[in-house]
Number of protein chains: 2
Amino acid sequence: MHVNASDMVEALRRSGLRITVSRQAICEVLATDHHNHLTANDLLAKVNQKLRGKVAPSTIYRTIDALEAEGLLEHVHLGHGPAVLHLSDDSSHHHLVCESCGRTIDVDTGAFDAAIGLLAAKNGFVASSVHYALIGQCEECAAIIASHLQ
Amino acid sequence: MHVNASDMVEALRRSGLRITVSRQAICEVLATDHHNHLTANDLLAKVNQKLRGKVAPSTIYRTIDALEAEGLLEHVHLGHGPAVLHLSDDSSHHHLVCESCGRTIDVDTGAFDAAIGLLAAKNGFVASSVHYALIGQCEECAAIIASHLQ
DNA sequence: ATCGTTGCAAAATTTTTGCAATTAG
DNA sequence: CTAATTGCAAAAATTTTGCAACGAT
């Protein structure tokens, strides 16, 4: 845990962006929950819960854009579905995305630096590609497919 | 170049899927053009051009799903915008995606096995994260941001 | 003949944009 | 006061689904 809400707010302020109640809340939620594979929609819900208000989706997306432009945040597509958000300094883990069931497995960064095949094998993951995240099959889906083949 | 259209068609047939004119054409286009960052829409256009016909988007998406289920194809989101398609055996390159301008830089796989930082630096890329593809700034955008900071 | 596949049209999902009203600085 | 930001509503963009007709095996 490194970047906190104040850091993010400060970065926005330094860039001449204005600090509104919404942006404050967005930064707080992100600082607290970003490791949780938050989607824009999740973020919207949490912000509105926190503010008991009606922050608009457009505000969420525009603030996400601003934070991305500042290099504080990234959005990432894990297989299908909406993008999930990550603080840029959260390099604690990577994802293995199963192309069959969509499950994602977090693996820590240290392991990533080792051979990719080793890392995949370690998680029972059959890597069919290392294109953009590790796409492949998780243990269960690999087993199912194997059984279909005989 | 390894997987060709016949390979893909054969794989579909082996799985009990039927070979229709559309699927045949889809496999041909993918075998020819997949290295070209083809989107579902690009694929649709090329298939319809080839068939002088009106293949529906739903057919494209359903066939993409089938090919993914067979492990022959993957879709990948490069930053914003629609997913691009890659044959699973095309491990010839990876992507560096600039989070500022969206530009993607292809880098060959060999380099990827080396230290990630080294690989990024080699392309004038400042990696702010290696979450799901290498997200960061391309040379130009990094320069622009640097100039803003002084 | 059977049942997977298609096209079409409609819907669902996710994200973007225009604009008048609001609000931070 | 000024210009950035917001909410709202509408639109754009991408992908999914229902269904009757069609076509591969």
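When reading the values below, keep in mind they use all heavy atoms of this one structure, side chains included, and skip hydrogens, waters and symmetry mates. Just so we're on the same page: letters track the sequence lines, and every chain starts at 1.
Closest of all the heavy-atom pairs between Pro82(B) and Thr39(B) is CG-CG2, 3.8 Å.
One interatomic measurement links the two molecules: CZ of Arg52(A) to C1' of dG7(D), which rounds to 20 Å at whole-angstrom precision. Across the protein-nucleic acid pair, Tyr61(A) atom OH and dA11(D) atom P stand 19 Å apart, rounded to whole Å. His80(B) has its NE2 atom 8 Å from the P atom of dT15(C), to the nearest Å. Rounding to whole angstrom units, CD of residue Gln24(A) and C1' of dA24(C) are separated by 13 Å. Separating the CD1 atom of Ile60(B) from the P atom of dT15(D) is a distance of 12 Å, rounded to the nearest angstrom. The nearest whole Å value for the distance from the CG atom in Asp65(A) to the P atom in dT14(C) is 17 Å. One atom, CG of Asn48(B), and another, P of dT6(C), lie 13 Å apart when rounded to the nearest Å. For the pair Arg18(A) CZ and dT2(D) C1', the computed distance is 7 Å after rounding to whole Å.
If you check every strand for non-hydrogen atoms under 4.0 Å, Arg62(B) touches a base. Here Ser58(A) lies in heavy-atom contact (under 4.0 Å) with a base.
Partner of Val29(A) under the side-chain contact (heavy atoms from CB on, under 4.5 Å) criterion, out of Lys46(A), Gln24(A), Gln49(A): Lys46(A) alone. Checked against Ile60(B) for a side-chain contact (heavy atoms from CB on, under 4.5 Å), the options Asp42(B), Ile26(B), Asn48(B) give a single hit: Ile26(B).
Set against dT15(D), dT15(C), dG7(C), the side chain of Ala83(B) has dT15(D) as its closest nucleotide. The nucleotide whose nearest atom lies closest to any side-chain atom of Val55(A) is, among dG7(D), dT6(C), dT15(D), dG7(D).
Nearest-nucleotide positions on DNA chain C place Arg23(B) closer to the 5' end than the other of Arg23(B) and Arg13(A). Nearer to the 5' terminus of DNA chain D, by closest-nucleotide assignment, is the contact made by Pro57(B) (compared with the other of Leu17(B) and Pro57(B)).
Checked against the 6.0 Å centroid threshold, His80(B) and His75(A) count as a close aromatic pair.
Taking only side-chain nitrogens and oxygens, Thr59(A) comes nearer than 4.0 Å to OP1 or OP2 of dG7(D). Remark: Thr20(B) is in phosphate contact with dT6(C), judged by side-chain N or O atoms under 4.0 Å from OP1 or OP2.
Between the CG atom in Leu12(A) and the CG atom in Leu72(A) there is a gap of 6.5 Å [rounded to 0.5 Å].
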